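Okay, so here's the structure we're looking at.
Given the structure is predicted, the values throughout are model-derived calculations rather than measurements. Indexing begins at 1, ligand by ligand and atom by atom, following the structure's order. Reckoned from all heavy atoms, side chains included, excluding hydrogens, waters and symmetry mates.
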Amino acid sequence: MNNAKKSLRAMKFGGTSVGDAPRIRKVVEIVREAARTSDLVVVVSALSGVTNKLIEAATQAEAGNRDAVEMIFEELRDRHQAVAGALIHSVSVRSHINQKVEQIFCEGERLCEGTALLRELTLRAHDSISSLGERLSAPLVAAALAECGVKSEAIEATELIVTDSCHGAADPKMDATRWHCESRLRPLLRKGIVPVVTGFMGATVDGVPTTLGRGGSDYSATILGAALDADAVIIWTDVDGLMTADPRLVPGASTIPEISYREAAELAHFGAKVLHPKTLRAVTQCGIPLWIRNTFAPERPGTRITPSGPSIDGGVKGLTAITDVALITVGGPGIAGVPDVLGRTFATTAAVQASVLLISQSSSQNDICLVVSSAVAERTVEALRREFAQDLAHEKVEHITLDPTVAIVTVVGKNMRGSRTVGRTFAALGREHLNIIAIAQGSSECNISFVVTQQDVRAALETTHREFQLGEPDSLALPVKSIGVDPAAWHYESGERTANAD
Ligand code: ADP
Ligand code: ASP
Ligand code: MG
């Protein structure tokens, strides 16, 4: 008998990868092949578009629109039943799965009914409703695996990932999570069973369901990988890996073969939707390699993300953009005389829970520019106007304005200090007559962010991409594309795309 310890991999499949029955069959093929040589823990997202629909149902319930809620649930029921019908041929297994799916839908309807009665959508209810999609997809994927001879069991992450109670953006408590993973998952792995775990969700110590934030299934995968001390975590998605820019915005973008945790985290933080911004946090201490690979082209190598990146390294790695942001300017010639203007500004943004994505201050101190996500922009400006009301009255502060038409573009790379990155970036943008509204450079020299109008984002990305020759060799000769703006195709929300989210 071969007693060699098998390696353990955590594999996460995103919404598009499990979007319908043919795609789930591809997932099954990948898992079946990998299970020959490794123990596996599979993490799944909801079927593409389902989380958005569930959130819409919750919002309609809050407004008391019961008919709209009913219609959404009907559509989701039909979709899940059709997928079950196409994937599962055993009558008894299919009826078992349909029963399970129905039970989850009934729970969702009860939650929406409660919300409609109270006309209040609590953060807790929001999490319970929005995570129903993962609870529906996991049993479907587990049954599809079993149907193809891979022993598997669907498990809800509420049994595994213990989080704080920060609904909508929960963080794991790793000691407790490790304990649950050891006691619940390890015995299955020893028996050769592949656990199929719901992404996106966890539960507090008291068992109250929480979510990790939109796109959070990536984070679920690294949390479980770290908790089980896995040999690798693989994020299977709909593109070839972590790319030099969002391929929907820069068609010539190329796959980055290897990159450091730090750079990948910067790209994720500044809008590369392919990775949830917190994904790398869970593996930072243990150094587990993370891969991003394409479910629809599994023969391609993808991107390897390691603690320190490739041995020969440096220079610009990739570009990102966040468009769903707004620029707030606090300005006026007398501002230098206002006591503790920066401290008061930050205290105010903190009080309204607006995280500042970028800040820059002119040397004369005439202007302070802040970029915050659009969702919090109005309330931040109102709070700043209240804070500086006296100074505005005495014209020490002349204006506090809001510009919602801007975007942040970020250039990410290691050791950019000696590579004239700033100069080259701005010279290239200047040649294309692209106007830069504000600039900020991280002291880590790992990123340079600048603010442009949303209209200019595509051109700014393409220009910078060409300047640093980030594309495939044959795409470098392409001219800068015309500045066609189609917000529906590339709408981001603080780093998360919302147009075809989940
Ligand atoms: P999943 O459903 O698998 O979680 P997501 O839609 O969340 O997938 O993320 C994948 C998408 O991220 C890609 O389709 C791509 O458009 C977008 N994306 C944005 N920036 C990047 C980047 N730098 N590299 C790769 N993909 C990116
Ligand atoms: N389904 C969740 C979302 O759409 C989580 C994920 O897909 O990662 O945000
Ligand atoms: Mg995602």
Side chain or backbone of [X] under 4.0 Å from ligand 1, or both, or neither, by non-hydrogen atoms?
X    : value
H276 : neither
V239 : side chain
A253 : neither
M243 : both

Exercise. Quick one: do the E258 and T306 side chains pair a donor with an acceptor below 3.5 Å?
Worked result: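 Side-chain D/A pair, E258 to T306: present.
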For this session: Answer with yes or no whether the side chains of T210 and D127 bring together a donor and an acceptor at under 3.5 Å.
Result: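 There is no such pair (donor and acceptor under 3.5 Å, judged by atom type) between the side chains of D127 and T210.
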Quick check against the 3.5 Å criterion: does [X] have a side-chain atom that pairs as donor or acceptor with the backbone of [Y]?
X    : Y    : value
E62  : E120 : no
S152 : A142 : yes
T463 : A460 : no
S254 : L470 : yes

In terms of atom number and element, which parts of ligand 1 are under 4.0 angstrom from non-hydrogen atoms of [X]?
X    : value
T16  : 2 (O)
G241 : 24 (N), 25 (C)
K273 : 5 (P), 6 (O), 7 (O), 9 (O), 12 (O), 19 (C), 20 (N)
T237 : 1 (P), 3 (O), 8 (O), 10 (C)
D238 : 10 (C), 11 (C), 13 (C), 14 (O)

Exercise. Taking distance alone, with no angle check, do G15 and ligand 1 share an N/O pair under 3.5 Å?
Worked result: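 Between G15 and ligand 1, an N or O pair is found under 3.5 Å apart.
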For this session: Answer yes or no: does an N/O atom from T244 fall short of 3.5 Å to an N/O atom of ligand 1?
Result: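 It does not: no N or O of T244 is found under 3.5 Å from an N or O of ligand 1.
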Would you say ligand 2 has an N or O under 3.5 Å from any N or O of [X]?
X    : value
D218 : no
E134 : yes
G215 : yes

Problem set entry | Worked check of side-chain contact (heavy atoms from CB on, under 4.5 Å) between L290 and L275 | CA-CA 11 Å; L290 180 72; L275 265 189; 4.3 Å; yes
For this session: May I ask whether A245 places a heavy atom under 4.0 Å from ligand 1?
Result: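 It does, in that a heavy atom of A245 comes within the 4.0 Å cut-off of ligand 1.
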For this session: Counting heavy atoms only, name the option from D246, T303, L319, V274 that's nearest to atom 15 (C) of ligand 1.
Result: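 It is D246 that holds the nearest heavy atom.
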Exercise. Is atom CZ of R77 surrounded by more than 12 heavy atoms (other residues, nucleotides or ligands) closer than 6.0 Å?
Worked result: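 Yes.
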Exercise. Is the closest heavy-atom distance from G216 to ligand 2 below 4.0 Å?
Worked result: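 In this structure, G216 qualifies as a contact of ligand 2 - some heavy atom is under 4.0 Å.
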Exercise. Is the F13 ring parallel, tilted or perpendicular to the W236 ring (thresholds 30°, 60°)?
Worked result: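 Aromatic pair F13/W236 classed parallel.
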Exercise. When the ring planes of H276 and Y219 are compared, do they come out parallel, tilted or perpendicular, using 30° and 60° as the limits?
Worked result: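 Because their plane-to-plane angle is under 30°, the rings of H276 and Y219 count as parallel.
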Exercise. Under 4.0 Å from any heavy atom of S45, which atoms of ligand 2 are there?
Worked result: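 Answer for ligand 2: 6 (C), 7 (O), 8 (O).
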Problem set entry | Criterion side chain to side chain contact (heavy atoms under 4.5 Å, CB included) against L429, the qualifying member of T464, D456, V452 |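 Among the candidates, only T464 passes.
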